[in-house]
Amino acid sequence: MSSSSSIRVRFAPSPTGMFHVGGARSALFNWVMAAQSGGTLVLRIEDTDASRNSPEWTEGIIRALAWLGMDGEQYEGPYFQSANADKHAEAARTLRDRGRAYYCDCTREAVVARTGDQHKGYDGFCRDRGLDAGPGRALRFRTPDEGHTTVVDLLRGKPVFENAVLEDFVIARADGSVTFLLANAVDDMSQGITHVVRGEEHLSNAPKQQLLWEALGGEPPVWAHVPVIVNEKRQKLSKRRDKVALEDYRAEGYLAEAMRNYLMLLGWAPSGDREIVPWDVIVDEFRIEDVNSSPAFFDVKKLRAINGEYIRALTPEKFIAECLPFLQDAPFDVDVAVFAELAPLAQTRVALLSEIVQMIDFVFLDEPPADEQSWGKAMKEPAAAILADAEEAYRDAPWNAGELKERLERIGTAHGLKLGKTQAPVRVAVTGRTVGLPLFESLEILGRDRTLTRIAAARARLAAASS
């Protein structure tokens, strides 16, 4: 890739109601590519399809990009494809006047009837009929009968497409509106786009778009068709089947830095066999030519693990700030000062910020949360005796984690149990669950009175069950 500052790469999403993680990866690849070259990232919203367009969806794209780190200072735009409708129509007329396009009134049924093959493309029937514009007549581009079109692709070399197998494709509908292929070519030319990074599903469009560029007197861009993203069954990610919306991952508590890091790994690997990579290192090392052309597996487990690493790397103050939006929606009131005491205990244990609610709820609820599975697992003999001994031992204990742990260890020794087994009924009695924050630090924060009240309530429940 040239290092010229004249490089202009574009990211052109369509407003579809949600921002696909595949689109997010393409945006990042484009962003890094522009940053490395000293060039420009151009953001263009492809909003010409009225049925798939709304201001809210466009705002969703802008917000998603900003969350990833791309605000208005990182790109030029946003431009809106709909604003170029006059240029699109002018280009369609130019191609018609130059003999590179013609009107066609063929229906799909008529083509199938002539060819006898429902899978075969358009057969060129109207090429020389000399039709004028009119109701039911689309404008088709006349592809060359001979030769070939070579697509220069930074990932895939130079794929060659025989022109003879490219059908004469529609560039303007009967109502005069142009199609994606022509609109994209015109916009890319008018905005000086030199490089296009997009999903490999668009590779088949590249020769058609190059032919349009050439017919309009432009030099086609350099392409990079990045690999498709697949799920664990190696199926292409689908919004009907998979969780693909970037907004959903954000709502679950994934950090932008972690998501950005992970998306860059989908098809590309940094040096040193590592996965946690600072953004400035990614920008320095990434080369679009090094992206693997094979399908990239979207591994949610790996993403979760990476997110956990990023959470643990936050400063305590930043961790608290990131958690507060999730706690604001919690079904209980949170004392921020108390949460600040709990935060260091939780930071090492959550992989998603949304997990913080269940991790600390026992401190802010009047009673511990009810988890019958945890109760049944922990409240087996000698649970009642352990709780009785703990209640007695904790009544006059110095209230600090070290002393509380030591006293419970002695209780366990008396019952012939290790600490893990001994603390299980105490943990469930106080926190409601078998897993959670470090027990003794939690007891210290919860306080003596509330701890003893919960142990007494658990003892009473056990007694009632056994009577």
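In what follows, residues are counted from 1 in the order of the sequence shown. Keep in mind that the numbers below use all heavy atoms, side chains included, and drop hydrogens, waters and symmetry copies.
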Inspect the surroundings of [atom1] in [X] and state if more than 12 heavy atoms from other residues, nucleotides or ligands are less than 6.0 Å away.
{"X": "Asp86", "atom1": "CG", "value": "no"}
{"X": "Gln358", "atom1": "CD", "value": "no"}
{"X": "Asp396", "atom1": "CG", "value": "yes"}

Roughly how far, to the nearest 0.5 Å, is the [atom2] atom of [Y] from the [atom1] atom of [X]?
{"X": "Leu439", "Y": "Glu444", "atom1": "CG", "atom2": "CD", "result": "11.5 Å"}
{"X": "Leu263", "Y": "Leu246", "atom1": "CG", "atom2": "CG", "result": "7.0 Å"}
{"X": "Ser293", "Y": "Leu154", "atom1": "OG", "atom2": "CG", "result": "13.0 Å"}

side-chain contact (heavy atoms from CB on, under 4.5 Å) evaluation trace for Glu381 with Ile386: CA-CA 9 Å; Glu381 286 298 327; Ile386 290 173; over 6 Å; no
Strictly by modelled atom types, are [X] and [Y] linked by a side-chain donor-acceptor pair under 3.5 Å?
{"X": "Gln235", "Y": "Asn231", "result": "yes"}
{"X": "Asp187", "Y": "Gln81", "result": "yes"}
{"X": "Arg173", "Y": "Ser177", "result": "yes"}
{"X": "Arg44", "Y": "Gln191", "result": "yes"}

Verdict with reasoning, Ile445 to Val338, per side-chain contact (heavy atoms from CB on, under 4.5 Å): CA-CA 8 Å; Ile445 295 170; Val338 174; 4.1 Å; yes
Pair listing, salt bridge (charged side-chain N to carboxylate O under 4.0 Å, His left out) test, anchored in residues 343-369, at least two apart: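 Applying salt bridge (charged side-chain N to carboxylate O under 4.0 Å, His left out) to every pair that reaches into residues 343-369, excluding sequence neighbours, yields Arg304-Glu355, Asp361-Arg433.
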Single hit among Trp67, Tyr254, Phe19 for ring-ring contact (aromatic ring centres under 6.0 Å, His included) with Tyr249: Tyr254
Any ion pair linking [Y] and [X] (charged N to carboxylate O, less than 4.0 Å)?
{"X": "Glu392", "Y": "Arg395", "answer": "yes"}
{"X": "Asp389", "Y": "Arg407", "answer": "no"}
{"X": "Glu76", "Y": "Arg8", "answer": "yes"}

Near-ring test Trp213/Trp223, centroid separation under 6.0 angstrom: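 When the ring centroids of Trp223 and Trp213 are compared, they turn out to be at least 6.0 Å apart.
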Tyr262 ring center within less than 6.0 Å of Phe298 ring center: yes
Arg234 to Phe297 six-membered ring, cation-pi geometry met (6.0 Å, 45°):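 Yes, Arg234 sits over the ring of Phe297.
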Lys/Arg cation over aromatic Trp375: Arg461, 6.0 Å, 45° cone: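 Satisfied, under 6.0 Å and within 45°.
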Residue among Leu182, Val178, Asn184 satisfying side-chain contact (heavy atoms from CB on, under 4.5 Å) with Phe180: Asn184
Which residues share a side chain to side chain donor-acceptor pair (under 3.5 Å) with Arg156, sequence neighbours left out: none
